[in-house]
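Worksheet: one structure, shown below.
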Number of protein chains: 2
Amino acid sequence: MRDTTTHPTSATAVELDRIDKRILRRLQQDASISNVALAAEVNLSPPACLRRVERLKREGLIRGIVAHLDPERLNAGMVVLIGVVLDRSTPASFAAFEEAAQRVTGCMECHVVTGEFDYFMLVRTRDSQSFNKLHAEQLLYLPGVRQIRSFMGLKEVVSTHRVPL
Amino acid sequence: MRDTTTHPTSATAVELDRIDKRILRRLQQDASISNVALAAEVNLSPPACLRRVERLKREGLIRGIVAHLDPERLNAGMVVLIGVVLDRSTPASFAAFEEAAQRVTGCMECHVVTGEFDYFMLVRTRDSQSFNKLHAEQLLYLPGVRQIRSFMGLKEVVSTHRVPL
DNA sequence: CATGAGCAGGAAATAAAATTGCGCGACACG
DNA sequence: CGTGTCGCGCAATTTTATTTCCTGCTCATG
C-alpha cells in the first residue's frame, strides 16, 4: 500500500511527493548516476523515473545538470568577499553597476543588500596577486562606485550549491 | 612505479590542453550532453572523449556531476549575508564554530575572512520570517559568537558556481 | 453505483549511447 | 634507427535511454 494522498497546498508552490524529493536529493548529490540505477533507488521502473526527471526539468525545478569543477586547480582557489557602496542610489546607477558586475572575472555571487553596503559580491581568483590585479583592473572601474571594502577569504569552511530538501 | 619526467604533482598545477578546457567549459555549462555529442563538439571520437572526461574526474578537476536546482521553488529564494565576530580568537573557538556552521540550514558559503569579521556566511532561506526563525533557533546558538551582522539580499544579480576557464 | 476521462505506472521492443579491445602512428629517448 | 609510451580511431559488445503500448487507479459525473 503506498500513500498517494496528495492534498493541494498552494497554487504557486510545486507539489513534490516523496519520490520527487528523493530524486532531487539524489541528483543534487550526484547526477552522473544512470537512470536505471536512480529508478532502482526510488523504487520505480526506468521509464517512470525518467518521466519524473523530465517533468522536474520541464517545470524548472531542475535548472540543469552541470559539472562541479575544483576551483583550486583552475586558479580560482582564493575567495574574496566584497562590500560595495555606490555614489548614488538611482535606478540607472544600479543598472549600470549590475551590468558591469556580471562581467567581473570570477564573480560567483553578487547581491543587492540591506545595510551599510549596496552590493555584496563573492569573487574567486587565484591568489592575492591576481586579486590585486583584478582590483586594479576591474573592480575600481565598476561604474558609480564610492567605496569598496574587501574581506579576503582565509579558509573555506563551506561552499556548496546544495539546497536543503 | 613509473614517474614520468617533470611532474608537478602538487594538486594546484595540472596540464590542460585546449581540448580539456573545451570539455570542462562545456560540462560546466551543461553536463547532460551525451558523450557522443560532446565528442563531436571537441572533434574527438567518443572513446577518446570519454577517456579524457574520466581522466579529468580521476584527477579531481571534475569534482562531480550535479543537478542545479531552483532555490526559489524549493523555499530557499532569499539570500542573507552574515558577518560573524567570535568572542575569542582561539583555535578551539574557531573549530567549534566551524563545526556548527556546517549544520546551519541553508548555509551555502562560510569563510574565515580578514577584516572586521571572523567569518562571513551566505545563507539561503525562504523569506524574512523563516530567516527570523533561523536566526533565533540556529544562528544565535552558534558557539562563541559575540556579534552577528546580517545583510538581507534584496536582489540576486549573480549566483553561479562556474569557474572562469 | 456505473462509467469514462485523465493520470501515472510497468513490460517489452527499439534506438542510442557507453564501454571495451585492439591496432596504428607520433613522439621522446637511448 | 629500435623501442616503449601515449593518445587516437575503429569496430564489436554491453548497457542504457527512450518509445510504444497496455493496465490499474482515481475521481467527477450521469
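Here is how names work: the chains are called A, B, and so on, in the same order as the sequence lines, proteins then strands, and each is numbered from 1.
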Polar side-chain atom of B/Arg52 near backbone of B/Ala48 as donor-acceptor pair, under 3.5 Å = no
request  = Starting from P on D/dC25, measure out to CG on A/Asp17 and report it in whole angstrom.
outcome  = 18 Å
Polar side chain donor-acceptor pair, A/Arg25 to A/Gln28, under 3.5 angstrom = no
task = Please report, rounded to the nearest Å, how far the P atom of D/dG7 is from the CG atom of B/Leu16.
result = 13 Å
remark   = Taken to the nearest whole Å, CZ/A/Arg58 to P/C/dA8 is 10 Å
ask   = Is a side-chain N or O of B/Ser32 found less than 3.5 angstrom from the main chain of A/Ile65, in a donor-acceptor match?
value = no
task = To the nearest Å, give me how far apart CG (B/Leu44) and P (C/dA18) are.
result = 14 Å
Give every pair of a protein N or O atom and an N or O atom of nucleotides 16-19 of chain D that lie under 3.5 Å apart, one pair per line with the distance.
unit_1 : atom_1 : unit_2  : atom_2 : d
D/dA17 : OP1    : A/Asn35 : N      : 2.7
D/dA17 : OP2    : A/Asn35 : N      : 3.0
D/dA17 : OP2    : A/Val36 : N      : 3.0

message = From CG of B/Leu38 over to C1' of C/dA17, roughly how many Å is that when rounded to an integer?
response = 13 Å
inquiry  = Measure CZ/B/Arg18 against P/D/dC8 and give the value in whole Å, please.
reply    = 14 Å
request  = May I ask you to decide whether A/Arg124 forms a salt bridge with A/Glu156, counting only side-chain N to carboxylate O separations under 4.0 Å?
outcome  = yes
Under 3.5 Å donor-acceptor, A/Ser93 side chain and A/Gly144 backbone = no
task = Starting from C1' on C/dA18, measure out to CZ on B/Arg52 and report it in whole angstrom.
result = 18 Å
message = I'd like to know if the side chain of A/Asn35 and the backbone of A/Pro46 have a donor-acceptor N/O pair within less than 3.5 Å.
response = yes
task = Send over the distance from A/Asn43 CG to C/dG10 C1', rounded to a whole Å.
result = 14 Å
